[in-house]
Amino acid sequence: VQLQASGGGLVQAGGSLRLSCTASARTFSNNAVGWFRQAPGKEREFVAVASWKGDTTYADSVKGRFTISRDNAKNTVYLQMDTLNPEDTAVYYCACAIGPYSGSRPGSYRYWGQGTQVTVSS
C-alpha cells in the first residue's frame, strides 16, 4: 500500500487547512488509518485515527479542532484542521494499520505516507 499525502501549507494562526491522503490499494478500506505529526527536534506524535468504519479517536491537543474522516470509495482519508496555532506546526504523516482498529502507537501502523508540511504563523 502506498500513501500520498497532500494539502499542507502556510497558514496564519486561527486559520484552517485540510489534509488528504490517498492510498493505492483497496485494502485501505478494511484497515484503520491515522494521522501523526513530527515537529523539529521532537518525536512523532499521534494526532487522530479512524477505524475501518469511521470510529474516531483524537489526541487531547487537537480534540475539538481537528476532524478525521475517510471516504473508502476513494481510498482517501482527510484531516480537517481548524483554529490552528503555531504549536501545530509540523510535518504531518498519514498511516495505514493492518487491521480494522488501531491506536496511538506509531508501531501499530505498517504503511506511511511521505509527509506534508504544515506551518502556522503567529
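With sequence neighbours excluded, no residue forms a side chain to side chain donor-acceptor pair (under 3.5 Å) with Lys42. The side-chain contact (heavy atoms from CB on, under 4.5 Å) check on Thr56 picks up Ala50, Tyr58, Ile68, with sequence neighbours excluded. Partners of Asn30 according to the side-chain contact (heavy atoms from CB on, under 4.5 Å) rule, which considers only residues two or more places apart in sequence or in another chain, do not exist here. In this structure, the ring pair (Phe, Tyr, Trp, His ring centres under 6.0 Å) partners of Phe36, at least two apart in sequence or on a different chain, are Phe46, Tyr109, Trp112. Partners of Gln4 under the side-chain contact (heavy atoms from CB on, under 4.5 Å) rule, at least two apart in sequence or in another chain, are Gln114. For Thr89, the side-chain contact (heavy atoms from CB on, under 4.5 Å) partners at least two apart in sequence or on another chain are Gln117, Thr119, Val120.
Cluster note: Val1 groups with Leu3, Ile98, Tyr111 through ILVMFWY side-chain heavy atoms spaced under 4.5 Å, whether in direct contact or through intervening members. The hydrophobic cluster around Tyr101 extends to Trp52, counting ILVMFWY residues whose side-chain heavy atoms fall within less than 4.5 Å of a member.
Between the side chains of Thr116 and Ser6, no donor-acceptor pair is found at a separation under 3.5 Å.
Ser20 approaches Trp35 most closely through the heavy-atom pair O-CH2, 3.7 Å. Of all non-hydrogen atoms in Ala39 and Ala90, the two that sit nearest each other are N-CB, 3.8 Å. Closest approach of Ser122 to Ala13, counting heavy atoms only: CA-CB, 4.3 Å.
Evaluation of the disulfide bond (SG atoms under 2.5 Å apart) test over residues 57-89, restricted to residues two or more places apart or in two chains, returns none. Listed by first and then second residue, the ring pair (Phe, Tyr, Trp, His ring centres under 6.0 Å) pairs involving residues 76-96 amount to none (not counting sequence neighbours). Among residue pairs with one or both ends in residues 73-122, those qualifying as disulfide bond (SG atoms under 2.5 Å apart) are Cys21-Cys94; sequence neighbours excluded.
Using a 4.5 Å cut-off between side-chain heavy atoms of Ile, Leu, Val, Met, Phe, Trp and Tyr, with links allowed through other members, Val49 and Val77 fall into different hydrophobic clusters.
Side-chain contact between Pro106 and Gln38: absent, with no pair of heavy atoms (C-beta onward) separated by less than 4.5 Å.
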Side chains of residues 79-87: which donor-acceptor pairs under 3.5 Å do they make with residues two or more places apart or in other chains?
from  : atom 1 : to    : atom 2 : distance (Å)
Gln80 : NE2    : Asp82 : OD1    : 2.9
Asp82 : OD1    : Ser16 : OG     : 2.7
Asn85 : OD1    : Glu87 : N      : 3.0
Asn85 : OD1    : Asp88 : N      : 3.4

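Distance check, rounded to the nearest 0.5 Å: OG1 of Thr67 to CZ of Arg18 gives 10.5 Å.
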